[in-house]
Amino acid sequence: MPTLYIIHGFDAAPSNHWFPWLQDQLAALGVACHILAMPNSSQPDLNAWLAKIRQSVAVHDEDVYFVGHSLGCITVLRHLEQINQTIGGVVLVAGFAEAVPKLPQLDEFTAQPLNTVHLRQHIKQRCVIASDNDATISFALTEALGQQLDARFLTVQNGGHFLLGEGFDTLPVVLEELRRMFERARAKTPVNHA
């Protein structure tokens with residue numbers, strides 16, 4: 001069965017937003033799901049966040065999946081740049097790979113361009129989800145991330161930044177994408193990210 005890791009974003013915690021709901025939904029499917037508590041999330045440090053993932057994820061193989069939200073997305077990708085094993089997939093929600101003008105304190109996460117060739121080779125299934133009215137991470141930044149990764153790209157109408165304060169204590173589109181990925185992996189269906 002798959003194992004999944006959720007990486008939250010800036011100034012967040014495992015108990016926030018839709019993360020506990022997703023964990024519960026996956027548990028009902030028999031999927032082991034771990035929400036990592038990233039250190040000092042209000043003043044995030046790239047090396048500390050990468051160390052947390054390294055300490056928490058013992059195995060990387062085609063049964064391993066990641067879900068990232070916001071800053072968690074680029075953190076997942078920075079981690080996977082350093083891994084030479086192929087994983088099952090990623091679902092990245094409101095992600096970015098370029099500097100966010102409103103959040104200069106996050107610049108170290110995006111200071112280097114992504115190794116997109118490596119990431120495409122080692123992440124079998126890739127999905128990026130954006131909101132058309134995200135006031136924190138612009139639609140254009142998330143769309144650009146999807147293009148860089150050659151990912152399946154989904155737009156949610158009026159999703160904001162997918163925060164609990166905006167009404168998002170569930171996020172069914174993520175669960176649907178993960179179920180789709182798991183089914184394709186079981187069937188060994190060739191991946192088409194369109």
Side-chain angles (χ1 to χ4, degrees), residues 1-41 44-97 106 109 114-115 118-129 142 145-146 149 151-152 162-164 168-186 191:
M1 289 299 290
T3 300
L4 186 133
Y5 298 90
I6 300 174
I7 312 299
H8 65 71
F10 173 54
D11 210 18
S15 60
N16 291 167
H17 314 315
W18 38 271
F19 312 139
W21 170 84
L22 182 59
Q23 185 178 44
D24 290 345
Q25 295 296 310
L26 291 169
L29 299 175
V31 176
C33 177
H34 310 277
I35 311 173
L36 302 190
M38 305 310 285
N40 199 10
S41 73
D45 174 81
L46 175 59
N47 288 330
W49 279 38
L50 292 176
K52 176 66 178 182
I53 300 179
R54 280 196 303 273
Q55 292 158 10
S56 305
V57 183
V59 174
H60 292 81
D61 61 26
E62 293 184 14
D63 289 324
V64 169
Y65 294 78
F66 287 88
V67 170
H69 176 238
S70 194
L71 185 63
C73 299
I74 186 70
T75 306
V76 166
L77 297 172
R78 292 293 179 213
H79 170 71
L80 294 174
E81 283 179 324
Q82 302 172 359
I83 303 296
N84 287 319
Q85 287 82 26
T86 297
I87 67 158
V90 297
V91 177
L92 305 176
V93 180
F96 56 93
L106 308 183
F109 286 78
L114 284 174
N115 184 345
H118 179 89
L119 293 169
R120 289 178 185 180
Q121 287 175 342
H122 290 89
I123 306 170
K124 286 196 79 170
Q125 301 191 69
R126 304 175 297 279
C127 176
V128 171
I129 298 172
T142 304
L145 175 63
L149 294 174
R152 176 173 157 83
F162 304 102
L163 303 175
L164 180 60
F168 286 91
D169 57 353
T170 70
L171 196 53
V173 65
V174 174
L175 180 62
E176 290 161 16
E177 274 307 299
L178 290 169
R179 291 179 72 130
R180 181 177 178 274
M181 287 182 176
F182 300 156
E183 287 165 12
R184 292 176 75 90
R186 273 198 298 274
V191 176

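Side-chain atoms are counted along with the backbone in the values below, which use heavy atoms only and exclude waters and symmetry mates. Note that the structure is a prediction, hence the values are computed from the model and not measured.
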Fill in: Evaluation steps, side-chain contact (heavy atoms from CB on, under 4.5 Å), between Val174 and Phe162
CA-CA 11 Å; Val174 174; Phe162 304 102; over 6 Å; no

Discussion item. Is it the case that the side chain of Arg126 and the backbone of Arg120 share a donor-acceptor pair, with hydrogens and angles ignored and the cut-off at 3.5 Å?
Written reply: yes

Worksheet item: Are any non-hydrogen side-chain atoms of Val67 and Val76 less than 4.5 angstrom apart?
Response: no

Worksheet item: Closest heavy-atom contact between Glu81 and Asn115?
Response: OE2-N, 2.7 Å

Worksheet item: Does any N or O in the side chain of Thr3 come within less than 3.5 Å of the main-chain N or O of Ala32, such that one atom is a donor and the other an acceptor?
Response: no

Discussion item. Suppose we screen for side chain to side chain donor-acceptor pair (under 3.5 Å). Which residues come up paired with His34, at least two apart in sequence or across chains?
Written reply: none

Discussion item. Students often mix this up, so state it plainly: with edges at 30° and 60°, are the rings of His8 and Trp49 parallel, tilted or perpendicular?
Written reply: perpendicular

Worksheet item: What heavy-atom pair brings Val31 and Pro2 nearest, and what distance separates the two atoms?
Response: CG1-O, 3.5 Å

Discussion item. Could you check whether any side-chain N or O of Gln23 sits under 3.5 Å from a backbone N or O of Cys33, counting only pairs where one atom can act as donor and the other as acceptor?
Written reply: yes

Item to complete: Spell out, as yes or no, whether a donor-acceptor pair under 3.5 Å connects the side chain of His17 to the backbone of Asp169.
Response: no

Worksheet item: Hey, are Arg180 and Glu177 close enough for a salt bridge, meaning a charged N less than 4.0 Å from a carboxylate O?
Response: yes

Worksheet item: Would you say Leu145 and Ile74 make side-chain contact, with heavy atoms under 4.5 Å?
Response: no

Worksheet item: Can you find a pair of side-chain heavy atoms, one from Ile83 and one from His122, that are under 4.5 Å apart?
Response: no

Worksheet entry | Gln125 side chain vs Met181 backbone, donor-acceptor pair below 3.5 Å | yes

Discussion item. Within the structure provided, determine whether Leu36 and Ile7 are in side-chain contact (heavy-atom separation under 4.5 Å).
Written reply: yes

Discussion item. Is the shortest side-chain heavy-atom distance between Leu26 and Leu175 below 4.5 Å?
Written reply: yes

Practice prompt. Examine distances only and state if a side-chain atom of Asp24 and a backbone atom of Trp21 form a donor-acceptor pair shorter than 3.5 Å.
Written response: no

Item to complete: Would you mind telling me which of Val57, Thr75, Ile123 makes a side-chain contact (heavy atoms from CB on, under 4.5 Å) with Phe66?
Response: Val57

Worksheet entry | For the student: nearest non-hydrogen atoms of Val128 and Gly146, plus distance | CG2-CA, 3.8 Å

Response to the item:
Nearest heavy-atom contact between Tyr65 and Ala185 is OH-CB, 3.5 Å

Worksheet item: Phe96: what forms a ring-ring contact (aromatic ring centres under 6.0 Å, His included) with it, not counting sequence neighbours?
Response: none

Discussion item. Would you say that Leu149 contacts Leu77 through its side chain, given a criterion of any heavy-atom pair below 4.5 Å between the two side chains?
Written reply: yes

Worksheet entry | Over all atoms of both residues, closest heavy-atom pair of Cys73 and Ala94 | SG-C, 4.5 Å

Response to the item:
Between His118 and Asn84 the two heavy atoms that sit nearest each other are CE1-OD1, 3.1 Å

